[in-house]
Chemist: 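Here's a structure for you.
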Amino acid sequence: MFDLILRHANLPDGRSDVDIGVSHGRIAAVGQALDGSAGTEIDATGRLVSPPFVDSHFHMDSTLSLGLPRLNQSGTLLEGIALWGELKPSLTADVVIERALNYCDLAVAQGLLAIRSHVDVSDANLITVEALLAVRERVRPYIDLQLVAFPQDGYLRKPGVTETLERALAMGVDVVGGIPHFERTMADGALSIRRLCRLAADRGLPVDMHCDESDDPLSRHIETLAAETVRHGLPGRVAGSHLTSMHSMDNYYVSKLIPLIAEAGIHAIPNPLINITLQGRHDSYPKRRGMTRVPELMAAGVNVAFGHDCVMDPWYSMGSGDMLEVAHMAVHVGQMTSLAAMRSAYDAITVNSARALGLEAYGLDVGCNADFVVLQARDPIEAIRLKAHRLAVIRRGKVIARSVPKISELMLDGRPRQLDTASFAPPLPDL
C-alpha cells in the first residue's frame with residue numbers, strides 16, 4: 001500500500017504516536033495506526049519527525065575556505081570582506097565546486113535539505129556563479145539550492161557590477177541580491193535598492209538583500225526596501241537579511257519601522273551565529289548583542305527565518321551546518337525562553353524559512369513531499385536544547401542518511417547503565 005511508513009512519530013505541532021505513509025515520493029496518509037504495509041518501515045518510537053531544516057541565508061562560494069589567505073584577526077565584517085577580496089583572484093571553479101559539494105554532504109547529514117546561498121557577482125569572470133550553478137545541478141536530487149546574485153563589493157560602488165549582476169541572472173541565478181549599507185553613501189544605498197527592486201519586478205524574480213548589517217542606528221535601508229517592495233508590487237517576494245542596525249535603533253523609530261516591514265510583507269532573515277559574532281566589535285561596555293529584534297518582529301506578524309550564513313570562512317571560523325545550533329543561539333541572544341518562543345525558534349529553521357524561500361509542497365500534510373528528519377528528541381524544544389542527533393534523513397520517501405542513537409554507557413557503582421540524553425528529563429508541559 002505504501003512505499004514507506006514512519007510509525008509512532010511525534011510531530012512538531014504536538015501530535016504524538018502518528019504514522020506517516022508515503023507513496024511515490026509524497027505523503028499519502030497521516031494518522032494513528034495506519035493500516036497497510038510498506039517496502040520500508042521506520043519505527044520512530046516516540047521521537048520527533050520534522051520536515052527538513054531550511055537555511056534561508058548562506059554563502060556557499062566561500063564556505064570551508066578558512067585561513068585563506070589568512071585568518072580574520074579583528075573578527076569584523078569589514079576585515080572578512082577584505083579577506084574575501086584577497087582570496088578571489090586565486091579561486092577556480094573546481095575549487096569552489098569541491099568545497100561546496102563537501103558542505104552539501106555535511107548539510108544532508110544534518111537534515112538540511114534546502115539552502116538559499118548568496119553568490120558573489122562582483123568579478124567579471126563570474127567564476128563563483130559558474131561553480132555554484134554546476135553545484136545546484138549536482139545536488140538537485142537531494143538539496144533544493146537557490147542562488148542569489150550578490151554584489152559583495154557594492155552594486156554601485158564597484159564599476160561594472162550592474163552588468164555582471166544581470167549576466168548572472170541571465171545565466172540562471174534565481175534571486176536578486178544587494179548590499180546597500182556597503183555603498184559609498186546612504187543615498188547610493190537607497191538608489192541601489194530602487195534599481196534592484198525595479199530589476200526584480202521587471203524579471204519576475206524574488207529579492208533578498210543584505211540590509212543594514214551594521215551597528216549604526218542611522219543605517220535605515222530596510223525602510224527604503226519596504227517602500228520599494230510596496231511600490232513594485234513585491235510583497236511576499238522580498239527578504240531583508242541581517243537587519244542588525246535595529247538592535248541599535250531607538251524604540252520610537254522601531255515602533256514605526258516594524259509595522260512598515262509587516263505591511264510590505266517582507267521576510268526578515270537574521271543570522272544568529274554570525275550576527276552575535278560580528279556585531280558590537282567597536283563597543284567596549286555596555287556591548288550590544290548584535291541580532292535584530294526577533295521577538296518584536298514575530299509579534300508583529302513578520303515572517304522571521306533564520307540563516308546559518310557562514311561555515312569556516314573569512315567571517316566565521318566555526319559552524320557545522322547544524323540549523324539547531326542556529327536556533328539554540330537565537331533562543332539565548334533573543335531571550336526567547338518561553339515555551340511559545342522556543343517553538344517559534346524551531347519554526348524559524350523549518351516552516352518559516354521554507355516560506356521565505358517559496359518552497360512548494362513542504363511540510364507534513366498529505367500531498368507534501370516526503371522529506372523528513374527523524375531526531376533523537378521528543379519535541380522541538382528538546383531538539384533545540386540538545387541540538388538533537390539526526391537518526392534518519394529522508395528525501396522523497398527514500399532514506400539518504402542515517403545513524404544509530406547516541407547512548408552513553410555509565411559505569412557507576414560497578415553497575416552498567418545506559419543513558420539516552422534525549423529522555424533523561426521530564427517532558428515539558430503543553431502550552
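Values below: all heavy atoms of this structure, side chains included; hydrogens, waters and symmetry mates excluded. Just so it is clear, the structure is predicted and the values come from calculations on it, not from any experiment.
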Chemist: Assess whether a salt bridge exists between Arg195 and Asp188, defined as any Lys/Arg side-chain N lying under 4.0 Å from an Asp/Glu carboxylate O.
Modeler: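 No, Arg195 and Asp188 are not salt-bridged.
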Chemist: Under 3.5 Å, is there a donor on one side chain and an acceptor on the other for Arg281 and Ser74?
Modeler: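 No.
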Chemist: Anything under 3.5 Å between a donor and an acceptor, one on a side chain of residues 325-342, the other on a protein residue two or more places apart or in another chain? List them.
Modeler:
unit_1, atom_1, unit_2, atom_2, d
His332, ND1, His328, O, 2.7
Ser338, OG, Ala341, N, 3.0

Chemist: Step through it carefully: locate the ring centre of Phe182, locate the ring centre of His210, and say whether they are under 6.0 Å apart.
Modeler: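 No, too far apart.
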Chemist: Determine, for Tyr253 and Arg220, whether the Lys NZ or Arg CZ falls below 6.0 Å from the six-membered ring centre while staying within 45 degrees of the axis.
Modeler: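 Here Arg220 passes the 6.0 Å and 45° test against Tyr253.
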Chemist: For Glu41, check side-chain contact (heavy atoms from CB on, under 4.5 Å) against everything at least two apart and list the hits.
Modeler: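 Only Ile5, Arg7, Ala38 meet the side-chain contact (heavy atoms from CB on, under 4.5 Å) criterion with Glu41.
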Chemist: Answer yes or no: is there a donor N or O on one side and an acceptor on the other, between the side chain of Arg288 and the main chain of Asp215, under 3.5 Å?
Modeler: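 Here the side-chain-to-backbone pair exists.
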Chemist: Please verify the inter-ring angle class for His308 with Phe58; under 30° counts as parallel, over 60° as perpendicular, anything in between as tilted.
Modeler: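 Answer is perpendicular, since the angle exceeds 60°.
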Chemist: Look at the aromatic rings of His57 and His242 and report parallel, tilted or perpendicular, splitting at 30° and 60°.
Modeler: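 Perpendicular.
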Chemist: Of all residues at least two apart in sequence or in a different chain, which pass the side-chain contact (heavy atoms from CB on, under 4.5 Å) check with Glu360?
Modeler: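 side-chain contact (heavy atoms from CB on, under 4.5 Å) list for Glu360, sorted by chain: empty.
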Chemist: Keeping the roles fixed (side chain from Asp212, backbone from Ile222), state whether a donor-acceptor pair exists under 3.5 Å.
Modeler: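 Flag set: sc Asp212 to bb Ile222 pair under 3.5 Å.
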Chemist: Please lay out, stage by stage, how Trp84 and Asp120 fare under the test side-chain hydrogen bond (donor to acceptor under 3.5 Å, both in side chains).
Modeler: CA-CA 10 Å; Trp84 176 238; Asp120 190 357; 2.8 Å; yes
Chemist: Please answer whether the main-chain N or O of Ile127 pairs with a side-chain N or O of Asn125 as donor and acceptor at a distance below 3.5 Å.
Modeler: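 Yes, the answer is positive, given that a donor and an acceptor are paired below the 3.5 Å cut-off.
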Chemist: For Val121, does its backbone N or O pair with a side-chain atom of Thr164 as donor and acceptor, under 3.5 Å?
Modeler: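 A pair under 3.5 Å: yes.
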